[in-house]
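Encoded as structure tokens, the structure appears first; notes follow it.
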Amino acid sequence: EQLQGGHDEL
Amino acid sequence: MNIFRFLGDMTHLISILILLLKIYATKSCSGISLKTQELYALVFLTRYLDLFTDFISVYNTVMKLVFIASSLAIVWCMRNHPLVRRSYDKQLDTFRHYFLLLASFLLALLLHEKFAFQEVLWAFSIYLEAVAILPQLVLLQRSGNVDNLTGQYVFFLGAYRALYIFNWIYRYFIDPHFTRWIACVSGLVQTALYADFFYYYFISWKNNAKLQLPA
């Protein structure tokens with residue numbers, strides 16, 4: 001789930 | 001995904017459904033700050049710029065669409081629906097929210113994860129969300145008695161970010177490299193702003209009395 005910048009949260 | 005974040009997202013969704021219910025069922029938005037709703041619409045629009053570029057999961061995409069659509073629908077309703085707009089407490093909703101916009105944007109220019117368009121706007125949306133509730137809280141204090149649905153709406157809205165704090169603690173223990181200081185510190189500030197509301201909400205629940213915020 002980890003995206004660049006870790007914006008996997010709402 | 002962990003239970004704290006899932007419960008947080010569901011609590012956030014419930015708060016929006018309660019607001020939609022209030023506006024739809026009573027055809028009134030009395031006690032609701034249009035300025036806060038406009039700030040939330042901006043929060044979602046600037047945070048979910050990656051909606052069409054990064055696919056994370058069906059859940060993620062659907063929730064983003066729901067949050068964007070509902071916040072825009074509420075703003076549209078409060079501005080244009082003939083019955084709803086008449087019940088808007090325009091003379092009470094006077095918080096100068098443009099300062100919140102400016103402060104959040106300036107802070108995002110200074111503090112962000114990467115100096116890139118999408119990242120600066122993401123940080124902007126995080127800071128803005130932390131303070132977006134202020135016009136609503138000020139309006140509640142001015143309007144004295146708070147109707148039940150409005151009180152529930154603000155309560156669930158505050159509770160969702162508190163659950164996200166547990167989510168960040170959980171993710172930190174799972175993966176110590178997971179650090180989201182911007183979201184975490186802002187989330188703490190955001191939840192702290194609800195402290196007095198939570199106190200009066202608890203008092204009214206304990207005494208089974210109407211929710212009253214001191215003027």
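Note on naming: letters A, B, ... go to the chains in the order of the sequence lines (proteins, then strands), and numbering restarts at 1 for each one.
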Exercise for the section: Give a yes-or-no answer on whether the side chains of A/His7 and B/Glu119 include a donor-acceptor pair shorter than 3.5 Å. Expected result: yes
Practice task
Using non-hydrogen atoms and a 4.5 Å limit, figure out which bit of B/Phe44 sits close to chain A: side chain, backbone, both or neither.
Solution key: neither
Handout entry: Contact origin within B/Asp9 toward chain A - heavy atom pairs under 4.5 Å
Key = side chain
Practice task
Calculate, to the nearest 0.5 Å, the distance between atoms CG and CZ belonging to A/Asp8 and B/Arg180 respectively.
Solution key: 6.5 Å
Problem - Nearest-0.5 Å distance that lies between atom CG in A/Leu10 and atom CZ in B/Phe6 - result: 11.0 Å
Handout entry: Atom CZ of B/Phe105 with >12 non-hydrogen neighbours under 6.0 angstrom
Key = no
Problem - More than 12 heavy atoms of other groups within 6.0 Å of B/Tyr199 OH - result: no
Handout entry: Contact check, side chains of B/Met1 and A/Glu9, non-hydrogen atoms, under 4.5 Å
Key = no
Exercise for the section: With chain A as the partner chain, list the residues of residues 154-167 of chain B whose heavy atoms fall under 4.5 Å from it, by residue number, and write 'none' if nothing qualifies. Expected result: B/Arg161, B/Tyr164, B/Asn167
